[in-house]
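Reviewing the structure listed below.
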Amino acid sequence: MNKIDRRKFIKSAGLAGGALSLAGAAGAGYSAGADKDSYTGYGRTNYGEDQFFNRKPFIVDNPTYVKKGEPVRITAVEDIFKRNGMLSRLMFSRGDIEPAWKPADGIDALPGQLRDYYKANPGALEEFIKAMEKGRAQRANWEKYRDKYFIADAWSTAHSSPIRGRGAFPAEPRDRPEKSDFRGVNKVKLEPKSPSHASELIKKICYSFGASLAGIAKVKKEWVYQGSLRGVGREDYEVPSHWKYAIVIAVPHEWDSMYANPTYGTSYDAYSKLRFIAGKMEVFVKELGYSSRPHVPPTSYDLVMPPLAIDAGLGEQGRNGILITPELGANTRLAAVTTDMPLEPDKPIDIGVSRFCEKCKICAEECPGGAIDFSDKAETVVRGYKRWKIDQNKCFTIWNSVATSHARGCRVCLSVCPYSRKNNWVHSFAREVDPRDPTGLVASGLLAMQKKFFNYPGGQEYLPPPDGNNRTFGEAPEWMKTDEWFKI
Amino acid sequence: MFSNSNILGPLFWIIMGVLYMVFITGLVVWLKDLNIKMNWWKWSLVLLWFILLSIIIAGGFTLIGENEMRAGLLFIAVPGAVMIVAGVALSRFLFRNRHEKQNN
Ligand code: SF4
Ligand code: SF4
């Protein structure tokens with residue numbers, strides 16, 4: 001009798017143990033999913049070991065971008081912000097002065113660079129005019145949406161404050177790089193034990209300043225702007241000889257607001273973080289006795305960031321034109337500091353982003369502006385390199401269309417990218433296994449799950465009525481919902 | 001997990017370990033009472049099945065924790081259905097073996 005009871009007890013306990021362990025697995029899983037610490041860059045510490053992906057197995061000698069023809073430096077007019085700035089200054093003159101150019105004047109009446117650009121890019125000027133109209137409608141409609149996005153707008157404005165005006169940090173260079181990059185350099189200069197020591201120290205300092213990722217690249221001529229130099233103005237110039245290396249820094253946007261793009265997220269949270277990190281790094285490097293110059297968002301760059309970051313081994317370029325890193329996915333924002341400090345450059349990596357993008361196309365399907373290329377392969381040649389084409393002008397129209405107080409950006413292509421996921425075991429498994437699978441089957445399986453299981457509203461839905469329904473990719477975090485905190 | 005405590009996390013995993021041991025001990029007795037003879041590879045299959053089931057449940061709930069309710073439920077439902085079929089097939093195989101042994 002006793003024996004039977006004992007057996008029965010063990011059997012019942014076994015059943016209960018099995019059920020409870022499955023419940024425990026569910027609880028552990030839920031907690032891993034909900035844990036804010038699994039947002040890379042927002043963990044307990046910037047040195048957190050689990051923050052970093054082990055790049056070693058994926059290091060390659062040559063970067064994954066594909067050269068086609070002769071590389072050409074980017075000119076100011078090819079940069080959407082600079083181009084739109086030039087055109088806006090002509091169209092919207094201050095005071096009573098007559099505008100220097102009106103759409104009715106036609107492309108031929110535009111000054112040289114702009115005229116050449118718009119002639120070479122048919123439809124681009126019409127798109128800009130459309131964006132301006134959308135912008136007017138956006139501002140007129142803001143009253144309707146203001147209360148709903150009140151916190152989001154205030155949050156974004158607060159983040160943009162270190163970027164604006166005279167108090168901006170870091171300050172814009174005021175003269176030639178040969179002067180400004182050396183201003184304040186410490187006369188005492190210690191020689192690093194080796195370039196590799198110097199690189200390691202610099203990265204550690206970047207992390208201590210709040211960078212999520214940091215890498216070192218040699219400055220290549222083709223990544224440097226031509227025809228426009230900060231502190232100097234419009235002129236053609238040779239790459240300054242002291243721009244030897246670039247310290248490339250990456251941070252993510254705050255993750256929950258980023259998932260709630262386009263209307264709750266902002267670009268400025270990452271931008272202001274990057275400016276502080278790069279600005280402090282400029283000072284740190286100068287204190288060590290070397291020249292330095294920060295290149296920071298939104299527009300204070302003399303170098304193009306994504307290819308520089310690819311050289312620095314941070315990631316690869318995606319279909320959406322954004323640098324995709326294993327840790328942050330497309331939720332990666334970049335700044336750099338150029339210096340003559342002797343550093344050891346990092347090597348690029350190949351984690352198979354292009355191969356994945358060839359199959360994925362989610363960003364292209366979800367882009368409200370149809371600005372992202374659907375072609376299978378990256379075949380468009382831009383300044384001597386193959387890539388998927390991004391229609392910046394269409395993208396800018398969407399910035400002016402979504403329900404924000406002004407053209408604050410869209411960033412849907414960051415949120416929807418399957419690489420932009422939490423640093424927890426489910427996504428880490430995908431990140432680790434997919435690049436090691438030569439057959440591509442893992443990528444196909446993951447992608448099938450991604451497309452069938454996850455909710456993708458579809459491009460138009462992100463727009464305000466009547467075109468769409470102001471949808472966001474993810475739900476807004478409760479701290480961004482005005483009705484949770486205010487009487488509305 | 002348990003972000004406000006550095007005691008509860010390790011304790012949770014200790015308890016999980018104990019639960020798995022209790023489950024396996026109970027399973028040994030169940031299988032003996034059912035007259036099912038086990039060897040190393042049959043045990044491997046049974047444990048693999050259970051571990052996979054745990055992973056699928058944990059994976060689904062991870063997605064639910066990320067606020068991806070639909071993805072989480074489908075993650076459990078689709079591979080979960082495969083696991084149920086596999087589980088039925090595995091148990092039938094183990095039982096068939098038992099009958100064969102009894103008939104001999
Ligand atoms: S920011 Fe928006 S509009 Fe621009 S490319 Fe990305 S998804 Fe398209
Ligand atoms: S959404 Fe897909 S196609 Fe677009 S960048 Fe990300 S992985 Fe590539």
Side-chain angles (χ1 to χ4, degrees), chain A residues 3-4 6-39 43-44 255-256 259-260 418 421-430 445-446 448-456 473-478, chain B residues 1-6 8-34 46-47 49-80 82-83 87:
Chain A
K3 200 178 170 193
I4 294 167
R6 195 172 61 94
R7 288 191 84 77
K8 268 192 175 165
F9 174 75
I10 294 174
K11 281 160 71 175
S12 315
L15 269 185
L20 283 173
S21 57
L22 289 179
Y30 183 84
S31 157
D35 191 358
K36 299 275 181 219
D37 280 345
S38 59
Y39 281 148
R44 289 184 186 87
W255 288 86
D256 285 328
Y259 285 133
R421 296 292 172 257
K422 277 187 158 186
N423 186 21
N424 61 38
W425 70 282
V426 169
H427 305 300
S428 297
F429 180 80
L446 288 170
M449 280 205 275
Q450 190 74 35
K451 291 196 175 185
K452 294 265 180 290
F453 290 4
F454 286 77
N455 259 330
Y456 286 105
F473 171 62
E475 209 198 321
E478 70 30 275
Chain B
M1 212 165 185
F2 307 112
S3 48
N4 292 324
S5 166
N6 49 16
L8 292 177
L11 209 61
F12 173 83
W13 288 110
I14 291 168
I15 293 170
M16 281 293 277
V18 171
L19 287 174
Y20 274 95
M21 282 328 293
V22 170
F23 166 64
I24 291 166
T25 313
L27 195 62
V28 170
V29 178
W30 272 103
L31 292 170
K32 258 192 193 149
D33 284 3
L34 288 169
V46 170
L47 293 180
W49 181 84
F50 192 70
I51 289 167
L52 279 179
L53 186 68
S54 305
I55 289 174
I56 288 165
I57 289 174
F61 275 87
T62 302
L63 295 178
I64 292 171
E66 286 179 15
N67 230 353
E68 295 285 358
M69 181 61 86
R70 185 184 129 89
L73 293 178
L74 285 169
F75 191 91
I76 294 171
V78 178
V82 176
M83 287 310 289

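Hydrogens, waters and symmetry mates are skipped; everything else that's a heavy atom, side chains included, is used. Residue numbering restarts at 1 for every chain, and letters A, B, ... go by the order of the sequence lines.
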Ring pair (Phe, Tyr, Trp, His ring centres under 6.0 Å) partners for A:F454, two or more places apart: none
Separation between CG of B:L34 and NZ of A:K11, rounded to the nearest 0.5 Å: 6.5 Å
Spacing of A:L15 atom CG and B:L27 atom CG [to the nearest 0.5 Å]: 9.0 Å
Heavy-atom side-chain contact between A:F9 and B:V29 under 4.5 Å: no
B:F50 side chain near A:S21 side chain, heavy-atom distance below 4.5 Å: yes
Write down the atom of [X], the atom of [Y], and the distance for their closest heavy-atom approach.
| X | Y | result |
| --- | --- | --- |
| B:F12 | A:G24 | CZ-O, 3.4 Å |
| B:S54 | A:L22 | OG-CD2, 3.5 Å |
| B:T62 | A:W425 | OG1-NE1, 3.0 Å |

Engaged part of B:I56 at the chain A interface, taking heavy atoms whose separation is under 4.5 Å: neither
Which of A:G17, A:A26, A:G27, A:A13 touches chain B most, by non-hydrogen pairs under 4.5 Å: A:A26
Heavy atoms from other residues, nucleotides or ligands near CZ of A:F429 exceed 12 (cutoff 6.0 Å): no
Crowding at OH, A:Y30 (>12 non-hydrogen neighbours, <6.0 Å): no
Side-chain donor-acceptor distances from residues 64-79 of chain B under 3.5 Å, at least two apart:
{"residue": "B:E66", "atom": "OE1", "partner": "A:H427", "partner atom": "NE2", "Å": "3.0"}
{"residue": "B:E66", "atom": "OE2", "partner": "A:N424", "partner atom": "ND2", "Å": "2.7"}
{"residue": "B:E66", "atom": "OE2", "partner": "A:H427", "partner atom": "NE2", "Å": "2.8"}
{"residue": "B:R70", "atom": "NE", "partner": "A:F453", "partner atom": "O", "Å": "3.2"}
{"residue": "B:R70", "atom": "NH2", "partner": "A:K452", "partner atom": "O", "Å": "2.5"}

Largest heavy-atom contact set with chain A, pairs under 4.5 Å, which of B:V18, B:I55, B:V28: B:I55
